[in-house]
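Down below is the structure, laid out as structure tokens.
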Amino acid sequence: MLTGKVAVVTGGTRGIGRAVVEKFLRNHAHVVLCGSRQATADRAVDELKTVDPSWYVEGIAPDLTRYESVKGAFQSVLERHGHIDILVNNAGVSSREPFAEYTPELFRRVMALNVESVFHCTRAVYEAMAAQGGGVILNTGSMVTKSGQPSGMAYPTGKAAVDGLTVSLARELGPLGIRVNAVAPGIVDTDMTHSVPPEVLAPLTARIPLRRIADPGEIAGAFLFLASPAAAYITGEILHVDGGALI
Ligand code: NAD
């Protein structure tokens, strides 16, 4: 579904991002994954190449919280490949600290990665996409924009901002041929969820209509659909992939 496309996936070393990278590779995209450190990016690339040595995958590690770092890294991807067709803004951190313990520094750190990086990466790539006649930008939202969280309020706040960015940029960049959508996962079996105590997770899972949390591959399928020509007329959409959760 993605033959000849170059995709950049932030947070592509593990979890949902890693599943997106693998799904895109199986669909014949060239994938550039971003890690928080070059060593973890390289390790992910090595592991993927043991699955299929013919896959084209490379790793980079720009500081997503600094625009100049992202701009420079994406520029060298453009120099190597000539185009970036798909950008997946997926890197993120969660926090569960109660409001009374929330420091301004923690608030800024969550917003820098979960919101500002989405702006930085999109800003760094959209001119090239416009010049080539179009592209696809996919953001990672969350079901917490519907439910909020009992603690760790910067996380749902940031994800609500990502929704705002998604629908606004869909309107502004649509005339340039750039589609902007988001996938909003429910609870997914990744490192992020492993830090949630079982006594908190179990009652949440029991309330999900499908009665289980998601495998990262099930989230990656939604990214593949939205990146593909099957979604050519879809923009400004926030696709909830949460087992029907109304938590
Ligand atoms: P994860 O912790 O397994 O992966 C997070 C990814 O972000 C990793 O690849 C990591 O390298 C990257 N990252 C973290 N800090 C970084 C930094 N400072 N600089 C660059 N990259 C950094 O978590 P995940 O569940 O795979 O999360 C991926 C996305 O999905 C996040 O945006 C998260 O908010 C969102 N999400 C997750 C769930 C869930 O239940 N797991 C639910 C809804 C949304």
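When a ligand or atom number is given, it counts from 1 through the structure's own listing order.
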Can you tell me how far apart OG1 (Thr65) and CE (Met111) are? Round to the nearest 0.5 Å. 14.0 Å
For atom 40 (O) of ligand 1, grab the closest protein heavy atom and report residue, atom and distance to one decimal in Å. Val188 N, 2.9 Å
Using a 4.5 Å cut-off on heavy atoms from C-beta on, say whether the side chain of Val180 contacts that of Asn139. yes
Between Leu64, Leu113, Val20, flag the one that comes closest to atom 14 (C) of ligand 1 by a heavy atom. Leu113
For ligand 1, which atoms, with element, lie under 4.0 Å from some heavy atom of Asp191? 3 (O)
The reported gap from OG1 in Thr166 to CG in Leu138 (rounded to nearest 0.5 angstrom) is 9.0 Å
Is the shortest side-chain N to carboxylate O distance from Glu237 to Arg179 below 4.0 Å? no
NZ-NZ distance between Lys146 and Lys159, expressed to the nearest 0.5 angstrom: 15.0 Å
Aromatic ring pairing Tyr67/His120, orientation class (parallel under 30°, perpendicular over 60°, tilted between): tilted
Judged by heavy atoms only, the candidate from Thr140, Ile213, Asn90, Thr13 nearest atom 31 (C) of ligand 1 is Asn90
Nearest-neighbour protein heavy atom for atom 27 (O) of ligand 1, which is reported as residue plus atom name and distance: Met192 CE, 3.8 Å
Do Val196 and Arg96 have side chains that get closer than 4.5 Å, going by heavy atoms? yes
May I ask you to list the atoms of ligand 1 that are less than 4.0 angstrom from any heavy atom of Thr193? 39 (C), 40 (O), 41 (N)
Residue-level breakdown please: for Arg18 versus ligand 1, do any non-hydrogen atoms fall below 4.0 Å on the side chain, on the backbone, on both, or on neither? neither
If you take the nearest heavy atom of each of Gly12, Pro185, Ala44, Cys34, which one is closest to atom 43 (C) of ligand 1? Pro185
With atom 38 (C) of ligand 1 as the reference point, say which of Ser142, Gly186, Ser94, Ser36 has the nearest heavy atom. Gly186
Less than 4.0 angstrom from a charged side-chain N to a carboxylate O is my criterion; do Arg212 and Glu218 meet it? yes
May I ask you to list the atoms of ligand 1 that are less than 4.0 angstrom from any heavy atom of Ile187? 40 (O)
Identify the closest protein heavy atom to atom 33 (C) of ligand 1: which residue and atom is it, and at what distance? Tyr155 OH, 3.4 Å
For Asn89, which of Thr122, Thr10, Thr140 qualifies under side-chain hydrogen bond (donor to acceptor under 3.5 Å, both in side chains)? Thr122
Top protein contact for atom 12 (C) of ligand 1, by heavy-atom distance: Gly11 CA, 3.7 Å
Starting from atom 2 (O) of ligand 1, find the nearest protein heavy-atom neighbour and note its residue, name and distance. Arg14 NH2, 2.9 Å
Side chain or backbone, does Gly17 bring an N or O within less than 3.5 Å of an N or O on ligand 1? no
Going by the 4.0 angstrom heavy-atom rule, the piece of Thr190 near ligand 1 is side chain
Pairs of nitrogen or oxygen atoms closer than 3.5 Å, one from Ile16 and one from ligand 1: do any exist? yes
Side-chain H-bond candidate by donor/acceptor type, Ser95 with Tyr102, under 3.5 Å: yes
Which one holds for Val144 and ligand 1: side chain close, backbone close, both close, or neither close, with close meaning a heavy atom under 4.0 Å? neither
Please identify which atoms of ligand 1 are closer than 4.0 Å to at least one heavy atom of Gly15. 3 (O), 26 (O)
Just wondering, do Met1 and Leu224 contact through their side chains at under 4.5 Å, heavy atoms? yes
Is ligand 1 less than 4.0 angstrom away from at least one heavy atom of Gly141? yes
